[in-house]
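Down below is the structure, laid out as structure tokens.
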Amino acid sequence: MPGEPVLRREELLGLRWKDIDTKKGMLSVNQVVVYTKEFGPIIEAPKNESSFRTIPFPVEIARELKPYRLKQKEHRLNMGLKYINKDLVFCNEDGTPLDPRRVGKQVKSIISKAGLPTVLSLHCLRHTHATQLLRLGVHPKVVQYRLGHSTFQQKMDTYSHVIPQMQDIIVEQLSDLLSMKTATENSNDNLIK
């Protein structure tokens, strides 16, 4: 489904509440959480200019975020001064950034317990998202922007397997267009008579 995660794991973990507009259904990628040997998880700017982006998301996700945010606010109040407020949407109990490696392992564990192939990951959901959008006929340049890929060539190389399947969509759309044209011509002929 096109509502699946479009952000990289590090982008999800760097997401702040101030980067999300639930009323408009928009989110902005402005920072990431990466793991360093010296300091553990840290917040930094994305490496590529193309990673900075603002993208729309479905209203269903906005509905899910509201109760989650309220619960997080309650927790923050209960923690008091022990809570380190970095405004992160996804964080440790004390408000500090999550370790991306640990999150990856937790997702793998959930996948395994669900009886799904352990080759699946959060990153696989990004690929599924892109593939589904392309199958729906979304322009590859739009998909490139949503995923934060720096080059169009990277996008086309990664998802070239979907392009032949998109030919069917084009044929359907052309057929619909021709059917509409024929229907319009027939109704115009009836008006003339």
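In this text, all values refer to a predicted model and were calculated from it rather than measured experimentally. These values consider heavy atoms only, across backbone and side chains, with no hydrogens, waters or symmetry-generated copies.
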Practice problem: Check whether any side-chain N or O of Lys86 sits under 3.5 Å from a backbone N or O of Gly95 as a donor-acceptor pair, and report yes or no. | Solution: no
Quiz item: Within a radius of less than 6.0 Å around CD of Glu64, do more than 12 heavy atoms belonging to other residues, nucleotides or ligands occur?
Solution: no
Quiz item: Can you list the residues that meet the side chain to side chain donor-acceptor pair (under 3.5 Å) rule with Thr54, with sequence neighbours excluded?
Solution: Ser28
Quiz item: How long is the span from the CG atom in Asn85 to the SG atom in Cys91, to the nearest 0.5 Å?
Solution: 8.5 Å
Quiz item: Do side-chain atoms of Arg76 reach the backbone of Asp94 as a donor and acceptor pair under 3.5 angstrom?
Solution: no
Practice problem: Salt-bridge test for Lys82 and Glu93: reply yes if a basic N is under 4.0 Å from a carboxylate O, no otherwise. | Solution: no
Quiz item: Ignoring hydrogens and geometry, is there a side-chain-to-backbone donor-acceptor pair from Gln31 to Ile43 under 3.5 Å?
Solution: no
Practice problem: State, to 0.1 Å, how close Pro46 and Val32 come at their nearest heavy-atom pair, and which atoms those are. | Solution: CG-CG1, 4.1 Å
Practice problem: Give a yes or no answer on whether the side chain of Arg126 reaches the backbone of Leu147 with a donor-acceptor pair at less than 3.5 Å. | Solution: yes
Practice problem: Output yes when Asp99 and Arg101 qualify as a salt bridge under the 4.0 Å nitrogen-oxygen rule, no when they do not. | Solution: yes
Self-check item: Minimal non-hydrogen separation, Asp21 against Phe57, with atom names
Solution: O-CZ, 4.0 Å
Quiz prompt | Plane angle bin for Tyr83 and His75 - parallel if under 30°, tilted between 30 and 60°, otherwise perpendicular | solution = perpendicular
Quiz item: Under 3.5 Å, is there a donor-acceptor pair between the side chain of Ser109 and the main chain of Lys105?
Solution: no
Quiz item: Between Arg16 and Leu88, is there a donor-acceptor pair closer than 3.5 Å when you use the side chain of the first and the backbone of the second?
Solution: no
Quiz item: Is the backbone N or O of Val89 less than 3.5 Å from a side-chain atom of Gln72, with the two atoms forming a donor-acceptor pair by type?
Solution: yes
Quiz prompt | Rounded distance [0.5 Å steps], NZ in Lys66 versus CZ in Arg69 | solution = 10.5 Å
Self-check item: same_hphob_cluster(Val34, Ile84) at 4.5 Å side-chain heavy-atom cutoff
Solution: no
Self-check item: Other residues, nucleotides, ligands: >12 heavy atoms within 6.0 Å of Arg102 CZ
Solution: no
Quiz prompt | His149/Ser50 under side chain to side chain contact (heavy atoms under 4.5 Å, CB included): CA gap, chis, key distance, verdict | solution = CA-CA 6 Å; His149 284 174; Ser50 60; 5.9 Å; no
Self-check item: Among Leu7, Thr22, Asp19, the one residue meeting side chain to side chain contact (heavy atoms under 4.5 Å, CB included) with Leu27
Solution: Leu7
